[in-house]
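Comments concern the structure below.
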Amino acid sequence: HEDRPGARHLLAEVPDRVEMPQAEAHFNRGCLWLEQGNSDAAKADFTAYTLRRPHDVDGWLKLGSAQLQASETLACERSFQEALRLSPKNPEALNALGLAQLQRRRPSDAALCFAAALKSQPDYRPALLNFATVSLQYLHDPAGALARYRDYLVLRPRSAEYEAVKLLA
């Protein structure tokens, strides 16, 4: 937001310039704010969105992500838990809850969340990498980390992180 002079002005006008229901305008603008790193503005828009669309899992995931970006771990846990209430095996919500646990310095709980995300969707790349990282750096389990990195390397199509992960495996 600060590095792009016109971004704040353009983002503030989204609801007026784009014809769409107000809830969707909040969601779209919140995504832009989140991408710009403005977690406070993103939280405001995603809060407005979830008030209008309380049963939308994506709204709760985005609100939780903005709260996580702002280091509001208790708030983001509540948002991710709400997403899980609506979609109990959602790998994105489980992975994000793991990141919140890690931010609270609870790597064992984070690992359980990442494992649950992988149980729900074994090829979910973010959970594989997060589980491997937590296993190696926090749980001192290099064998477990290596297994997760290898699981990641067999996924197709290859991701942008493939070469970096290959160096670790």
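Quick caveat, the model's predicted, so the values are computed rather than measured.
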Taking [Y]'s backbone N and O only, do any of them form a donor-acceptor pair with [X]'s side chain (distance below 3.5 Å, no angle check)?
{"X": "T50", "Y": "T47", "value": "yes"}
{"X": "S65", "Y": "L61", "value": "yes"}
{"X": "S120", "Y": "K89", "value": "yes"}

Hey, can you tell me if Y49 and F27 have their rings parallel, tilted or perpendicular (30° and 60° cut-offs)?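 The rings of Y49 and F27 sit tilted, inter-plane angle from 30° to 60°.
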
If we check side chain to side chain donor-acceptor pair (under 3.5 Å) with E24, which of these qualifies: R53, R52, R29?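 Exactly one candidate clears the test, R53.
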
NZ-CZ distance between K62 and F46, expressed to the nearest 0.5 angstrom: 6.0 Å

Side-chain ion pair, [X] and [Y], N-O less than 4.0 Å:
{"X": "R125", "Y": "E161", "value": "no"}
{"X": "R158", "Y": "E163", "value": "no"}
{"X": "R106", "Y": "D109", "value": "yes"}

Heavy-atom nearest pair, L34 first then A42, reads N-CB, 3.8 Å

Going by side chain to side chain donor-acceptor pair (under 3.5 Å), name the residues that satisfy it together with R78, two or more places apart in sequence or in a different chain.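 Listed in chain order: nothing, the list is empty.
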
Identify the residue among L128, N95, T133 that makes a side-chain contact (heavy atoms from CB on, under 4.5 Å) with F114. N95

